Protein chains: 2
Amino acid sequence: MAAESRTTHALTPDPLTREVVDLFGTVVARFHEEYELAASEHQLTGAQARVLALLAREPTPMRQVARQLKCEPSNVTGIVDRLESRGLVERRADPADRRVKVAAATEQGRTTAAQLRGGLDFAGAPLAELTPAERTLLRDLLRRMLGDDAVTETP
Amino acid sequence: MAAESRTTHALTPDPLTREVVDLFGTVVARFHEEYELAASEHQLTGAQARVLALLAREPTPMRQVARQLKCEPSNVTGIVDRLESRGLVERRADPADRRVKVAAATEQGRTTAAQLRGGLDFAGAPLAELTPAERTLLRDLLRRMLGDDAVTETP
DNA sequence: TATTGTTATACTCTATAACTATA
DNA sequence: TATAGTTATAGAGTATAACAATA
C-alpha cells in the first residue's frame, strides 16, 4: 500500500479506479431504473417494493425493517400502512413482546413479490452479454470486493 | 395461478446469474449509502448532489438536466432553486434562444462538487481489495456488460 | 427507565396539469 | 402551433420530536 493512500486516493484516484467507479455509477443508475420500473408495473413505489420483497422473505418487526432499510422507524409505519391497505402485507402481534408488531407479506403479497423479482430484467439484459465463464469471473471479483457479508446477504 | 411457465429466464434464472444480480444489488445499496452520506456532509440531498455534479461538469439547460436525471422538468426548477439560493448554482440566459435557461455551477459550486466527489469513499474502500490487474479485469467486464454507451457516459 | 410503534410536523422529491414567454 | 421553464397541486419518502403501551 502506498504511503499516502488514505487521505490521497479519494481526491486523486488513479484513472483505472476512477473508471471502475464511474462504471459502477452507471450500473447503479440502470439497476435503479429497472427496479423502479418493475415496481411501478405493480403500482408500487421503490420503497414499497423493497419492503414487500423483504417481508416476502421473512416476517419482520417494524423496527428491524427500518434498520434494514436504513431509515427511521417512523417512515416504516406509512410504507407498511400503504401495503397493508392493499392487502399485500399484514401486521401480527408478537406473543413474546406485546410492544412488537411483526409485518408479514400476505399470500397475495408473496405472489406480487415473486412477480416483481421476475420482472427485474436486469438479470437478463446486461449480463447476457457475458459468457458463463465471464459471469463467474465477475461474481468472484464482486465477492472479493464486497467481502464475506455480501454472500450472506443473498436471500 | 400455478407458475409453471418458463417463458422467461427471469422467473428461474440460473444460480450464477442470480448471484451476480444479488451482488450488484449489494453494490447498488452501498453506493447509494455512500453517496447520500457524502451529500449530507455538505447539507445536500442526493438529488441536489447529482444535479450539482452534473452542472460542475458542464452548464446545462434545465430541460436537459431533467432528461439526464430522468425526471420531469418541473422538478428541476425546485432543485436548482435550492442550489441557487445557496450560491452553488446560477441560471444564465441563452443568447441563441431566449426561452432557455442554462444552469451552471458557480465557483463555489464547483469546489463543493469536487469535495463531494473526493468524499465518496466508494472508490477507496471496496476497490482497494482488488489488485490493479483485477480492477482492469473488472473494468473490462463492466464495459462489456454495459455496452459502448457506458464508456461515453464517463465524465 | 428504556424500548416499540405510532403520530405530528416539516421538508424534499416526484408526476401531472396549467400557465408564460418565447419560437 | 410548439417548446422551455415555471407554478400549483397532490402524493410519497424522509428525519425529528413527542406520545402511548409495554417491558
Side-chain angles (χ1 to χ4, degrees), chain A residues 29 32-33 35-55 59-86 88-104, chain B residues 28-29 32-55 59-86 88-104:
Chain A
H32 250 85
E33 272 173 59
Y35 199 89
E36 296 285 325
L37 182 66
S40 72
E41 278 165 6
H42 293 272
Q43 280 75 248
L44 293 171
T45 65
Q48 286 165 12
R50 275 190 292 280
V51 170
L52 180 59
L54 203 135
L55 298 181
T60 310
M62 301 294 281
R63 199 121 199 142
Q64 203 175 318
V65 173
R67 263 194 298 270
Q68 297 194 48
L69 247 67
K70 291 181 209 306
C71 73
E72 293 302 311
S74 59
N75 302 328
V76 180
T77 299
I79 298 173
V80 168
D81 278 352
R82 280 161 220 126
L83 289 170
E84 192 169 33
S85 74
R86 290 177 50 187
L88 300 171
V89 152
E90 63 186 5
R91 275 177 243 238
R92 298 176 189 159
D94 180 347
D97 186 338
R98 282 161 54 193
R99 293 173 302 181
V100 171
K101 284 178 189 165
V102 178
Chain B
V28 169
H32 251 84
E33 272 173 60
E34 299 237 6
Y35 200 89
E36 297 285 326
L37 181 65
S40 73
E41 278 166 5
H42 293 272
Q43 279 76 249
L44 293 171
T45 65
Q48 287 165 9
R50 276 189 292 280
V51 170
L52 180 58
L54 203 136
L55 299 180
T60 310
M62 300 294 281
R63 201 124 199 135
Q64 203 176 317
V65 173
R67 263 195 299 270
Q68 297 195 47
L69 247 66
K70 293 183 208 306
C71 73
E72 293 303 312
S74 59
N75 301 329
V76 180
T77 299
I79 298 173
V80 168
D81 279 351
R82 280 159 221 129
L83 289 171
E84 193 168 32
S85 73
R86 290 177 50 187
L88 300 172
V89 152
E90 64 187 5
R91 276 177 241 240
R92 299 175 188 161
D94 180 347
D97 186 338
R98 282 162 53 194
R99 294 172 303 180
V100 172
K101 285 178 188 166
V102 178

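Everything numeric here is computed off the predicted structure, so don't read it as measured data. Chain naming here is simple, since letters A, B, ... match the order of the sequence lines and numbering starts at 1 in each.
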If you only use heavy atoms from C-beta on, which nucleotide in [options] is closest to the side chain of [X]?
{"X": "B:R99", "options": "D:dA23, D:dG5, D:dA2", "result": "D:dA2"}
{"X": "B:D81", "options": "D:dT7, C:dG5, C:dA8", "result": "D:dT7"}
{"X": "B:V100", "options": "C:dG5, D:dA15, D:dA4", "result": "D:dA4"}
{"X": "A:P73", "options": "C:dT6, C:dC13, D:dT6", "result": "C:dT6"}
{"X": "B:C71", "options": "C:dA15, C:dT12, C:dT7", "result": "C:dA15"}
{"X": "A:I79", "options": "D:dT6, C:dC13, D:dT14", "result": "D:dT14"}
{"X": "A:D97", "options": "D:dA15, D:dA23, C:dA23", "result": "D:dA23"}

Just N and O in the side chain of [X]: are any of them under 4.0 Å from OP1 or OP2 of [N]?
{"X": "A:K101", "N": "C:dT6", "answer": "yes"}
{"X": "B:Q48", "N": "C:dC13", "answer": "yes"}
{"X": "B:T45", "N": "C:dC13", "answer": "yes"}
{"X": "A:R63", "N": "C:dT4", "answer": "yes"}
{"X": "A:R98", "N": "D:dT22", "answer": "yes"}
{"X": "B:R91", "N": "D:dT6", "answer": "yes"}

Can you tell me the distance, in whole Å, between the [atom1] atom of [X] and the [atom2] atom of [N]?
{"X": "A:N75", "N": "C:dT12", "atom1": "CG", "atom2": "P", "answer": "16 Å"}
{"X": "A:R67", "N": "C:dT3", "atom1": "CZ", "atom2": "C1'", "answer": "11 Å"}
{"X": "A:L44", "N": "C:dT14", "atom1": "CG", "atom2": "P", "answer": "18 Å"}
{"X": "A:M62", "N": "D:dT22", "atom1": "CE", "atom2": "P", "answer": "17 Å"}
{"X": "B:D94", "N": "D:dG5", "atom1": "CG", "atom2": "P", "answer": "9 Å"}
{"X": "A:E72", "N": "D:dA17", "atom1": "CD", "atom2": "P", "answer": "10 Å"}
{"X": "A:E36", "N": "C:dC13", "atom1": "CD", "atom2": "C1'", "answer": "12 Å"}
{"X": "A:L69", "N": "D:dA15", "atom1": "CG", "atom2": "P", "answer": "10 Å"}

Donor-acceptor pair (no angle test) under 3.5 Å: B:S74 side chain, C:dT16 base: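 Indeed there is one.
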With respect to B:V89, which candidate in B:I79, B:D81, B:L55, B:V51 satisfies the side chain to side chain contact (heavy atoms under 4.5 Å, CB included) definition?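 Answer after filtering B:I79, B:D81, B:L55, B:V51: B:L55.
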Taking the side chain as every heavy atom from C-beta outward, state whether [X] and [Y] have any pair of such atoms under 4.5 Å apart.
{"X": "A:L37", "Y": "A:E41", "answer": "yes"}
{"X": "B:V65", "Y": "B:V80", "answer": "no"}
{"X": "A:Q68", "Y": "A:R50", "answer": "no"}

Heavy atoms only, 4.0 Å cut-off, all strands: where does A:R50 land among base, sugar-phosphate and nothing?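 It contacts nothing in the nucleic acid.
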Enter the distance from B:H42:NE2 to B:R86:CZ here, rounded to the nearest 0.5 Å.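 Separation between the atoms: 10.0 Å.
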Nearest-nucleotide comparison on DNA chain D, the residue closer to the 5′ end among A:G78 and A:P95: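 With A:G78 and A:P95 compared, the 5'-side residue is A:G78.
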Do B:L88 and B:L44 pass the side-chain contact (heavy atoms from CB on, under 4.5 Å) test, and can you show the C-alpha distance, the side-chain angles, and the key distance before you say yes or no? CA-CA 11 Å; B:L88 300 172; B:L44 293 171; 4.0 Å; yes
